[in-house]
Amino acid sequence: MISPWDRWYTTSCCLCCHVRTGTIILGIWYMLINAVVLLILLSALNDPVQYHYHLTSSELGTDLDVMDDANMCIAAAISLLMILICGMATYGAYKQHAAWIIPFFCYQIFDFALNTLVAISVVVYPNTIQDYLQQLPGTFPYKEDLMSTNNMCLVLAVLLFVGCILAFKAYLIACVWNCYRYVSERSTTEVLLYVTTNDTTVLLPPYEEVVAIPPKDPPPQYVSA
């Protein structure tokens, strides 16, 4: 009986490219995104007045700032960590080191779980969408139209959007997992081939000893009278 893991196992992904190639492209794409985010955060920390990441109390109606220096530093550290994890996955897929792909795979599972919790919270607490829309600034486009929309329609639209995101993320998780399995099985096959070849070499005598052994005399032949 074929297990579900073996049934969904394949070495090709989108656009019929190899799972190693897909994992490398995905790792580079994530690295570029996090590098841009890290650059923006560092620029905002260097010159907060220019980037206006401190929102005033008139925009929020409170005396609290959305992003202070501590939160910006935490976000920059997370972006740097993500660059490291994506770089490890890219290097692991390129050099065929399965252990280097595991951190990126764990990040994908964690991100998928968070998005699933968002979908569950929308179903359990549908009024949170209206509360979120009320917290948006007045200059947000189509805010009044969204506020006047039926709550059930908003819930269905959000669930459809989150469902598409979850399906896409699940496909990317499957691609990275198939890449991990491919690299692991390839490494195991190479090790077994090396052990088999090594054992065969040990069992055979060295070439010099075979050449140095003198040939044996043929057995005497008796001629009958």
Check your understanding: In terms of the angle between their ring planes, are Tyr30 and Tyr107 parallel, tilted or perpendicular, with boundaries placed at 30° and 60°?
Key -> perpendicular

Separation of [Y] [atom2] from [X] [atom1] (nearest 0.5 Å):
X: Ser184; Y: Gln96; atom1: OG; atom2: CD; value: 10.5 Å
X: Thr90; Y: Met31; atom1: OG1; atom2: CE; value: 4.0 Å
X: Asn34; Y: Leu39; atom1: CG; atom2: CG; value: 12.5 Å
X: Cys179; Y: Ile24; atom1: SG; atom2: CD1; value: 7.5 Å
X: Leu154; Y: Leu159; atom1: CG; atom2: CG; value: 11.0 Å
X: Leu38; Y: Leu80; atom1: CG; atom2: CG; value: 6.0 Å

Applying side chain to side chain contact (heavy atoms under 4.5 Å, CB included), can you list everything that pairs with [X], at least two apart in sequence or on another chain?
X: Val36; value: Ile40
X: Asn115; value: Asp111, Ile165, Leu166, Lys169
X: Val158; value: Val122, Ile129, Val162

Do the non-hydrogen side-chain atoms of [X] and [Y] ever get within less than 4.5 Å of each other?
X: Leu26; Y: Cys175; value: no
X: Val123; Y: Val155; value: no
X: Ile74; Y: Ile78; value: yes
X: Leu114; Y: Val118; value: no
X: Trp177; Y: Phe105; value: yes

Write down the atom of [X], the atom of [Y], and the distance for their closest heavy-atom approach.
X: Trp100; Y: Gly92; value: CB-CA, 3.7 Å
X: Thr23; Y: Ala89; value: CG2-O, 4.5 Å
X: Phe104; Y: Val176; value: CE2-CG2, 3.9 Å

Path from [X] to [Y] over hydrophobic side-chain contacts below 4.5 Å:
X: Ile25; Y: Tyr91; value: no
X: Ile120; Y: Phe112; value: no
X: Phe161; Y: Leu156; value: no

Point to revise | Pair Leu172-Gln108, side-chain contact (heavy atoms from CB on, under 4.5 Å): steps then yes or no | key: CA-CA 8 Å; Leu172 295 180; Gln108 286 184 303; 3.8 Å; yes

Check your understanding: Just by distance, do the side chain of His18 and the backbone of Arg20 share a donor-acceptor pair under 3.5 Å?
Key -> yes

Point to revise | Stepwise side-chain contact (heavy atoms from CB on, under 4.5 Å) check, Leu41 with Leu45 | key: CA-CA 6 Å; Leu41 292 175; Leu45 284 173; 5.5 Å; no

